[in-house]
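The block underneath contains the structure these notes are about, expressed in structure tokens.
Since this is a predicted model, take the numbers as computed values, not measurements. Naming convention: chains lettered A, B, ... in sequence-line order (proteins, then strands); numbering from 1 in each chain.
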Amino acid sequence: MKRIGDGAATRIGLIALAVILTTLFLVIPLAGIFYQAFAEGMAPFWQNLTSTFTREAIGLTLLIALLTVPVNLIFGIFLAWLVTRFAFPGRRILQTLIDIPFAVSPVVAGLLYLLLYGRTGWLGSLLSEQDVQLMFSWPGMVLVTVFVTCPFVARELIPLMQAQGSAEEEAGVTLGAGGWTLFRRITLPNIRWALVYGVILTNARAIGEFGAVSVVSGSIRGETINLPLQVELLYQDYNTVGAFTSAALLAALAIVTLMIKAVLEWHTHRREKTA
Amino acid sequence: MSVRSTLLRRVIATAALSMALGSTQAFSADRELLNASYDIARELFAELNPQFIEQWQKEHGESVEIKQTHAGSSTQARAILQGLRADVVTFNQVTDVDVLAQKGELIPADWQSRLPNYSSPYYSTMAFLVRKGNPKNIHDWADLAGDDVALVFPNPKTSGNGRYTYLAAWAASNHDNGDDEAATRDYMKKMLGNVEVFDTGGRGATTTFAERGIGDVLITFESEANNIRNQYGTDDYEVVVPPVDIMAEFPVTWVDRNVERNGTEDLVRGYLEYLYSPEAQRTLAQYYYRVNDDEISDEFAERFPQTTLLRIEDAFGSWGNVMQTHFASGGELDQLQRR
């Protein structure tokens with residue numbers, strides 16, 4: 001029987017199409033970012049990269065990622081553990097709820113937080129009496145980033161932990177292991193790679209998040225501007241080189257992230273083969 | 001709580017920064033001031049702020065850091081209502097400052113009387129940016145209703161810039177025909193019919209006109225028109241200022257509620273009063289804003305053609321009235337656009 005794609009012409013055609021589309025939609029724009037960043041030579045690139053505002057933007061971007069990742073790491077493990085190891089009413093609803101940050105547009109998430117925690121918001125008015133400000137400052141940006149990225153770790157863990165089942169842990173319990181030992185000696189080693197993968201995704205998203213943070217940032221230069229916001233700001237300032245310098249920085253971070261991911265995938269694959 | 005969170009913030013931010021760059025946070029000023037401003041004023045304040053900081057340091061022996069935030073001034077007003085702790089606002093729309101008084105009670109209703117010239121240290125008017133040689137011979141508002149003229153300006157529904165253009169055309173027409181409302185409506189209908197593209201904001205209209213090459217006339221603030229001309233080529237465009245025009249104020253004020261909290265009463269006063277000083281007025285004039293300082297005005301006279309400027313309050317009563325009768329749903333603008 002002849003299947004679709006068996007003919008040499010079809011096969012070459014399809015491959016060519018894939019290559020052309022990839023080049024058109026991925027490679028050229030990516031190369032374009034770096035081209036634009038260096039369009040006026042090395043000096044303007046370096047000048048933009050080392051400017052105070054860019055450095056502060058880098059600092060804030062890293063700060064947000066640094067706080068978001070551990071929070072969502074713990075939250076994700078806890079949630080996945082809960083959902084896959086215990087039976088309780090509302091378990092399925094909880095599993096659906098995890099996906100809300102995926103389903104909701106980040107801008108909407110940002111607006112919601114603004115309405116909740118803004119000066120006149122439900123919680124915000126209480127906080128503002130205590131002279132605590134969350135919106136238009138970096139804690140607010142961390143808050144919305146945590147919200148937007150919270151499903152990543154849990155989403156990676158849940159299918160794996162469901163597939164693995166709880167047999168090993170039950171065995172551990174019969175041998176007298178306590179909760180912490182159980183987690184450290186059995187659960188954690190089993191989910192290790194999925195966990196790392198989830199962290200990478202969380203990190204990538206936390207670094208690149210634009211929509212939600214733009215709503216709550218108040219765009220104070222040198223204070224609440226992270227790298228993605230900096231890109232937009234410089235572009236509107238007619239500073240194309242500056243905008244693309246920051247963009248190149250983000251792209252470089254993304255590429256590094258993808259490389260780590262690829263290495264891990266290759267590693268996991270090899271482990272599964274030998275196991 | 002506030003002290004603790006600031007401390008925590010410092011520690012974490014410094015840690016993150018030094019991790020990122022191996023550097024520590026450089027200098028920290030005695031006091032800080034946050035200026036919430038409109039979109040296209042970045043370069044302007046980047047130039048004005050260091051001048052003020054230097055002067056303040058000299059006169060008071062205190063170092064000051066001025067932080068800037070820029071966005072559409074309606075966006076800024078909303079953010080301040082929601083808790084953005086701006087000490088001063090420097091907007092391009094009087095209505096957006098009014099919002100702070102009406103909706104948030106953050107400033108007194110009579111804020112315009114706190115500083116000279118209705119709290120507007122500089123102003124501008126609407127100008128026509130035409131292509132080299134002015135091929136369609138555009139000199140006055142009446143010329144915009146000609147048969148073969150294509151116009152570009154932002155939508156008055158969404159943009160303050162567009163609103164001023166609409167109101168300037170209306171007021172100039174009324175001025176010319178002796179308040180004949182029917183004739184003015186006829187003129188407005190033709191003029192609005194000549195609009196080729198209604199972009200949502202000023203920057204979009206600029207792109208449409210200068211980069212996509214659409215339309216014969218771009219109508220925008222005089223200051224913007226001159227900056228666009230410098231940006232896109234002084235050989236390709238000309239700026240025309242009509243003989244009768246509207247006064248576009250750039251209102252400034254301090255946000256009392258935030259100022260009290262931040263303890264910056266004297267500082268904000270000094271900052272905003274500085275904008276009226278000859279030094280600052282010269283910088284403003286260099287950015288093609290009109291100023292009230294006579295000496296500076298004379299110095300830059302050739303940049304600012306003579307024109308009769310009408311104030312919104314005189315021509316239309318009040319901003320509230322304008323918004324209600326002209327720009328509300330089903331108002332004059334909607335009816336004029338119905339063909």
Give, as side chain, backbone, both or neither, the part of B/Arg257 having an atom under 4.5 angstrom from any heavy atom of chain A.
-> side chain
Which residues pass the side chain to side chain donor-acceptor pair (under 3.5 Å) test with B/Arg131, sequence neighbours left out?
-> none
Engaged part of B/Asp39 at the chain A interface, taking heavy atoms whose separation is under 4.5 Å | side chain
Taking the six-membered ring where the residue is Trp, are the ring centres of B/Phe198 and B/Phe153 under 6.0 Å apart?
-> yes
Hey, is the main chain of B/Gly201 close enough, under 3.5 Å, to the side chain of B/Asp199 for a donor-acceptor pair?
-> no
How many angstroms lie between atom CZ of A/Phe152 and atom CG of A/Leu73, to the nearest 0.5 angstrom?
-> 14.5 Å
Aromatic ring centroids of B/Phe250 and B/Phe91 under 6.0 Å?
-> no
For B/Tyr271, which of B/Asp266, B/Asn49, B/Thr264, B/Thr90 qualifies under side-chain hydrogen bond (donor to acceptor under 3.5 Å, both in side chains)?
-> B/Asn49
Highest number of heavy-atom pairs under 4.5 Å with chain B among A/Ser128, A/Gly118, A/Ala65, A/Ser137 belongs to A/Gly118
Check whether any side-chain N or O of A/Glu223 sits under 3.5 Å from a backbone N or O of B/Lys67 as a donor-acceptor pair, and report yes or no.
-> no
Segment of B/Leu84 engaging chain A (4.5 angstrom heavy-atom cut-off) = both
Describe, in one word, how the ring planes of A/Tyr235 and A/Phe244 are oriented to each other, choosing from parallel (under 30°), tilted (30 to 60°) and perpendicular (over 60°).
-> perpendicular
Pi-cation contact, B/Tyr237 with B/Arg229 (under 6.0 Å, within 45°) | no
Among residues 197-219 of chain A, which ones touch chain B with a heavy-atom distance under 4.5 Å?
-> A/Gly218, A/Ser219
Checking heavy atoms, do the side chain of B/Leu106, its backbone, both or neither come under 4.5 Å from chain A?
-> side chain
Using non-hydrogen atoms and a 4.5 Å limit, figure out which bit of A/Leu233 sits close to chain B: side chain, backbone, both or neither.
-> both
